[in-house]
Amino acid sequence: MNVPIISASNISSGYGERVVLHDISMEVRPGDFYGVIGPNGSGKSTLLKTLTSIIRPISGRVHLFGRDIVELSPREVARKIAVIPQEVSILFPFTAKEIVAMGRHPYIGRFRREGPFDREVIERSMTDTDTWRLGDRYIDELSGGERQRVVIARALCQQPEALLLDEPTSHLDINHQVEVFELLTDLNKKRNLAVFVISHDLNICAEYCRELIIIKDGRICLRGAPEEILTPETVREVYEAEVSVLRNPRSDAPVVTVVSRGTQ
Ligand code: ADP
């Protein structure tokens with residue numbers, strides 16, 4: 001079997017004295033499409049940060065293509081994996097194209113300027129995310145959905161093997177949520193890009209992700225195909241919420257729907 005992109009073995013992680021994640025082992029392989037779900041504060045973002053070397057594990061190891069991630073420079077990491085954090089703060093009014101071009105930083109240094117190949121990657125990343133036509137627009141003048149596609153285009157410029165996103169659709173309406181997940185599906189299929197996406201939207205994860213990882217109290221409490229693990233019992237146990245789980249008549253994906261206290 002090929003080497004995993006990311007491999008975490010028995011990692012514990014946290015902030016200062018505070019241990020948030022306990023003994024997590026998992027792998028991200030080419031073509032994977034993971035949805036990471038779980039209650040607020042359960043450790044999902046901390047897992048993403050640990051897998052991508054934003055924070056160091058307290059114990060255990062993370063390997064990137066078989067090499068211990070702590071031995072790699074940020075540039076080396078950024079050539080293999082791209083992270084889209086929850087809040088992408090873009091302070092200055094750059095154009096969409098300037099923002100996307102920043103994704104080439106891991107390849108361009110003091111001694112090498114942007115060349116024809118970089119420009120080709122920038123154009124392809126923008127075409128694949130349907131942002132090429134927005135190139136000259138200022139980022140702060142774009143809609144939330146357009147801005148998110150620009151941020152994904154910037155990540156693609158890193159030519160990553162895996163894309164890890166922290167709640168990329170939390171501020172978007174349903175149409176734009178679908179647009180982002182359709183784009184991720186497309187990239188996953190066409191480029192074999194591994195996707196690891198944290199989301200609170202169980203239904204959108206069930207519809208699009210091949211596998212779900214449920215985090216509770218800093219541990220992986222369940223993982224598997226959405227239709228196998230999204231049950232009323234699981235949701236009750238993980239979220240302490242009473243729900244019904246139906247099937248989408250068109251896709252057959254599970255659909256979680258709340259049950260009001262009066263009906264229970
Ligand atoms: P989730 O993404 O599942 O909502 P997080 O990984 O963000 O959960 O947070 C897990 C726990 O770690 C929470 O209790 C949170 O308060 C704590 N935490 C997150 N970030 C920090 C930080 N920078 N410093 C200290 N504690 C943090």
Side-chain angles (χ1 to χ4, degrees), residues 5-28 32-62 64 69-70 74 77-78 81-91 144 148 151-152 155 162-172 177 180-181 184 194-224 226 229-231 233-241 243 254 256 258:
I5 302 170
I6 303 172
S7 165
S9 1
N10 308 104
I11 49 169
S12 298
S13 182
Y15 307 91
E17 299 283 285
R18 177 129 190 259
V19 183
V20 172
L21 291 182
H22 309 273
D23 199 27
I24 290 200
S25 296
M26 62 164 294
E27 286 179 350
V28 179
D32 281 346
F33 198 138
Y34 281 119
V36 183
I37 59 177
N40 286 329
S42 57
K44 302 180 294 298
S45 299
T46 307
L47 175 60
L48 183 149
K49 288 181 206 161
T50 315
L51 293 179
T52 56
S53 202
I54 294 170
I55 60 176
R56 278 187 174 215
I58 298 165
S59 60
R61 294 223 186 286
V62 177
L64 185 62
I69 205 164
V70 300
V77 174
I81 54 179
V83 182
I84 299 187
Q86 231 172 75
E87 297 294 332
V88 179
S89 55
I90 295 162
L91 300 171
Q148 195 57 285
V151 171
I152 294 174
L163 187 56
L164 297 95
L165 310 96
D166 197 344
E167 294 188 38
T169 56
S170 55
H171 302 298
L172 304 181
Q177 288 176 17
V180 167
F181 271 83
L184 296 178
V195 176
F196 175 101
V197 55
I198 298 176
S199 174
H200 277 298
D201 192 323
L202 303 184
N203 293 332
I204 213 154
C205 280
E207 184 72 23
Y208 286 98
C209 302
R210 211 164 296 124
E211 198 170 338
L212 300 181
I213 296 179
I214 306 184
I215 309 281
K216 191 179 184 199
D217 299 331
R219 295 175 199 275
I220 294 181
C221 80
L222 212 55
R223 56 186 289 180
I229 65 167
L230 269 189
T231 63
E233 294 74 29
T234 314
V235 176
R236 189 182 306 124
E237 193 190 315
V238 174
Y239 291 94
E240 292 161 24
V243 299
V256 177
V258 293

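Because the structure is a prediction, the values reported are computed rather than measured. Every number for a ligand or one of its atoms is a count from 1 in the order of the listing.
Scanning all protein heavy atoms for the shortest distance to atom 8 (O) of ligand 1 gives Gly43 N, 3.2 Å. At the top of the distance list for atom 5 (P) of ligand 1, counting protein heavy atoms only, stands Thr46 OG1, 3.7 Å. Among protein heavy atoms, atom 22 (C) of ligand 1 sits closest to Tyr15 CD2, 3.4 Å. Ranking protein heavy atoms by distance to atom 7 (O) of ligand 1, first place goes to Ser45 CB, 3.6 Å.
Taking every heavy atom of Lys44 and a limit of under 4.0 angstrom, the matching atoms of ligand 1 come to 1 (P), 2 (O), 3 (O), 4 (O), 6 (O), 8 (O). Atoms of ligand 1 lying under 4.0 Å from at least one heavy atom of Val20, given by number and element, are 10 (C), 11 (C), 12 (O). Interface atoms of ligand 1 facing Asn40, defined by a heavy-atom separation under 4.0 Å, are 4 (O). Under a 4.0 Å criterion applied to the non-hydrogen atoms of Ser42, ligand 1 contributes the atoms 1 (P), 3 (O), 8 (O).
With atom 17 (C) of ligand 1 as the reference point, the heavy atom nearest to it among Gln86, Arg18, Lys216, Glu17 is part of Arg18.
For the atom pair CZ (Phe181) and SG (Cys205), the distance works out to 5.0 Å, reported to the nearest 0.5 Å.
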Check: Does the side chain to side chain contact (heavy atoms under 4.5 Å, CB included) test come out yes or no for Ile58 and Leu21, once each step is laid out?
Finding: CA-CA 9 Å; Ile58 298 165; Leu21 291 182; over 6 Å; no

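Phe196 and Tyr34 have perpendicular rings, their planes meeting at more than 60° on a 0 to 90° scale where under 30° would count as parallel.
Using a distance-only test at 3.5 Å, with no hydrogens or angles considered, a donor-acceptor pair links the side chain of Lys44 to the main chain of Gly38. At least one donor-acceptor pair under 3.5 Å links the side chain of Thr234 to the backbone N or O of Ile229.
For the residue pair His200 and Asn40, a side-chain donor N or O sits within less than 3.5 Å of a side-chain acceptor on the partner.
Contact between Pro39 and ligand 1 is present, with at least one heavy atom of the residue lying under 4.0 Å from the ligand.
No option in Asp166, Leu163, Leu48 other than Leu163 meets the side chain to side chain contact (heavy atoms under 4.5 Å, CB included) test with Ile84.
Residues Val238 and Ile37 form no side-chain contact, since every pair of their non-hydrogen atoms from C-beta on lies 4.5 Å or further apart.
Residue contacts with ligand 1: Gly41 is placed with a nitrogen or oxygen under 3.5 Å of a nitrogen or oxygen of the ligand (distance criterion only).
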